> 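Starting off with a structure, shown below.
Values below: every heavy atom of this structure, side chains too, minus hydrogens, waters and symmetry copies. Every chain is numbered from 1, with letters handed out A, B, ... down the list of sequences. Just so it is clear, the structure is predicted and the values come from calculations on it, not from any experiment.
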Amino acid sequence: MRKKENYLYLSINDAISCINQKVNMVGVVVEYGLPEKSRGTDYFCTLKIMDESSQSYGLLVNVFTESLDKLPRVKSAGDIIRFSRIVIQSHNGKVNAHFNKKVSTFALYEGKCSKSFIPYQSSSSYFLKDLDMDFIASLRTWLFNFQLNSGTSEFYQPLSALREKKCFDLVCKVLRVCEVSKDAWMLFLWDGTDAPPLSCRTKLKDELKNPLPLQLEPTPLPRAVLCEFPSVGTILRVIVDKTSEKLALQLPCGWVKFLNIECEERSGLWFGVFKPSTKIRILSDEDSIVTCCLRRYEERLLTKWDRMPSSAFPWPSHITETDHEDVPFTTLTDVLTHSKVTSKFKCVVRVVAMCPWYADDFLSAKGNPLYRVRLTLEDPTARIHTLIYAEDGEIFFGGYPSLDVLTGMRNKLLGICAEDLDAPRNPPWVQLCLKSYCLDESDPWSSRKYRIFDTRLVA
DNA sequence: TTGGGG
């Protein structure tokens, strides 16, 4: 026997004044959290809903159910949810709603593009009355001309504003969730901006035995995976530990908001870490905060300097010159993902390590001098090893200068303070021409290497 | 009960 039910729906703005009362509401889900186990006995998720009356703030709804399958599983932000008998609460001066599993019900409907009144998930069987359908239909009509906006916060910052050990909110696209080694997972996040450069704290002398890594993951991502990533903008690696694993491994690829995430430095590279208070909210691709990120990125791509690190603006240092002034820049990820093994590029990079480090060793043989120096190059998108070899070295170093001159050149290029070789280095952005080639014709991609050419160190 | 975006 189904109870006869007649619901009166309150607008969100009216509902939030009904503290401690049970209300019925229909709203658009503007963002939602992934299901979690609560610290009590229940499962938990949170949703933020909006309607025409509350389009600048919305209402957080906390849902508790005794099993995972009873939680609302929103298919996409922008979908519509109908709640009955949820309790409006006030906590620390903020209003939220509590879904009481004993009395509350919900039903989820597709968003503005649908005309269906059949829920794709509901907590109880309930047939919509005309009034209910009117509410859903009018919400869809309103949504049609409304730009979803999950709201921003004072803590929000793009990757370009990263600071060490400072909690912040990040709106970004989850590009991939990878198992980087056995039972070790990593998230790859991107927001279209360049993370700022970090200083290099490794010792120059260690480079031979303990080289600066090219990436944080234990083995480099396959080229095919890199090819799916954007080649402009930093891809932040986030280490997934045991406590964040349950949450992180459910993450769909797409736009999300991380609340209270922190970034640290390792080997001069940024990586993100989950804090106990870190929360993830899934966003719609149409959310205004997402469209802002994409617009900023598209505007960047339209400029002539889209592939120059943004912290190199207005121009890289003039300590290097190339013979190809009119060639556009590429990023190091463009280099790594280029369709041909053999090619030429011009990049704006920092030289973060050098091997050998001692200028007298740049030439491999005293009798028959031959330059052979390995540089570790970095831009906001990647790191690569590259060689300064033979006649390219002659051009790069301007012949065969004295040890003092060569040492001075090295110090400028690497941002070394001459008094203390082990002090943190802050290398300048420099432009370099690179060519890629392979050592083994039968296995071109695995044996691909890079060399610097047509570039002069003029300092 | 839980969580309540800080």
> Can you sort out which residues in residues 35-52 of chain A have a heavy atom within less than 4.0 Å of DNA chain B? Ascending by number, please.
S38(A), R39(A), G40(A), T41(A), D42(A), F44(A), K48(A)
> Just one of L332(A), T320(A), T331(A) clears the side chain to side chain contact (heavy atoms under 4.5 Å, CB included) bar with V349(A), so which one?
L332(A)
> When the distance from NZ of K102(A) to P of dT2(B) is rounded to whole Å, what number comes out?
13 Å
> Less than 3.5 Å between a donor and an acceptor, one on the side chain of K101(A) and one on the base of dT2(B), is that the case here?
no
> Closest approach to the side chain of F64(A), judged atom by atom: which nucleotide of dG4(B), dT2(B), dG6(B) is it?
dT2(B)
> Ignoring hydrogens and angles, write down the donor-acceptor pairs under 3.5 Å from the side chains of residues 165-174 of chain A, residues two or more places apart or on other chains.
from	atom 1	to	atom 2	distance (Å)
D169(A)	OD1	N260(A)	N	3.0
D169(A)	OD2	S153(A)	OG	2.7

> List for me each residue that meets side chain to side chain contact (heavy atoms under 4.5 Å, CB included) alongside S244(A), sequence neighbours excluded, and say none if there are none.
V240(A), D241(A), F274(A)
> Does A15(A) have any side chain to side chain contact (heavy atoms under 4.5 Å, CB included) partners at least two apart in sequence or in another chain, and if so, which?
L10(A), V23(A), M25(A), I88(A)
> Among residues 242-258 of chain A, which residues get a heavy atom nearer than 4.0 Å to DNA chain B?
K257(A)
> Over how many whole Å does the gap from E66(A) atom CD to dT1(B) atom P extend?
14 Å
> Rounded to the nearest Å, what distance is computed from the CD1 atom of residue I19(A) to the C1' atom of nucleotide dG4(B)?
13 Å
> Ignoring hydrogens and angles, write down the donor-acceptor pairs under 3.5 Å from the side chains of residues 205-217 of chain A, residues two or more places apart or on other chains.
from	atom 1	to	atom 2	distance (Å)
E207(A)	OE1	L212(A)	N	3.0
E207(A)	OE2	R374(A)	NH2	3.0
Q215(A)	NE2	E217(A)	O	3.3
E217(A)	OE1	R237(A)	NE	3.0
E217(A)	OE2	R237(A)	NE	3.4
E217(A)	OE2	R237(A)	NH2	2.8

> Let me know the distance between CZ of R281(A) and C1' of dG6(B), rounded to the nearest Å.
12 Å
> Rounded to the Å, how far apart are N96(A) CG and dG6(B) P?
10 Å
> According to the salt bridge (Lys or Arg N to Asp or Glu O under 4.0 Å) rule, which pairs have a member within residues 294-304 of chain A, sequence neighbours left out?
D194(A)-R300(A)
> Looking at every strand, decide which applies to D169(A) at a 4.0 Å heavy-atom threshold: base, sugar-phosphate, or nothing.
base
> Tell me: CD of Q89(A) to P of dT2(B), nearest whole Å?
12 Å
> Tell whether N62(A) reaches the base of dG4(B) with its side chain through a donor-acceptor pair below 3.5 angstrom.
no
> Calculate the interatomic distance between I88(A) atom CD1 and dG3(B) atom P; express it in whole Å.
20 Å
> E154(A): which residues meet the salt bridge (Lys or Arg N to Asp or Glu O under 4.0 Å) condition with it, sequence neighbours left out?
none
> Are the aromatic ring centres of W429(A) and F313(A) under 6.0 angstrom apart?
no
> What is the distance, to the nearest angstrom, from the NE2 atom on H98(A) to the C1' atom on dG3(B)?
9 Å
> Kindly point out which of dG6(B), dG4(B), dT2(B) is positioned nearest to the side chain of N260(A)?
dG6(B)
> Would you say the base of dG6(B) and the side-chain of E154(A) have a donor-acceptor pair closer than 3.5 Å?
no
> According to the salt bridge (Lys or Arg N to Asp or Glu O under 4.0 Å) rule, which pairs have a member within residues 32-59 of chain A, sequence neighbours left out?
D42(A)-K101(A)
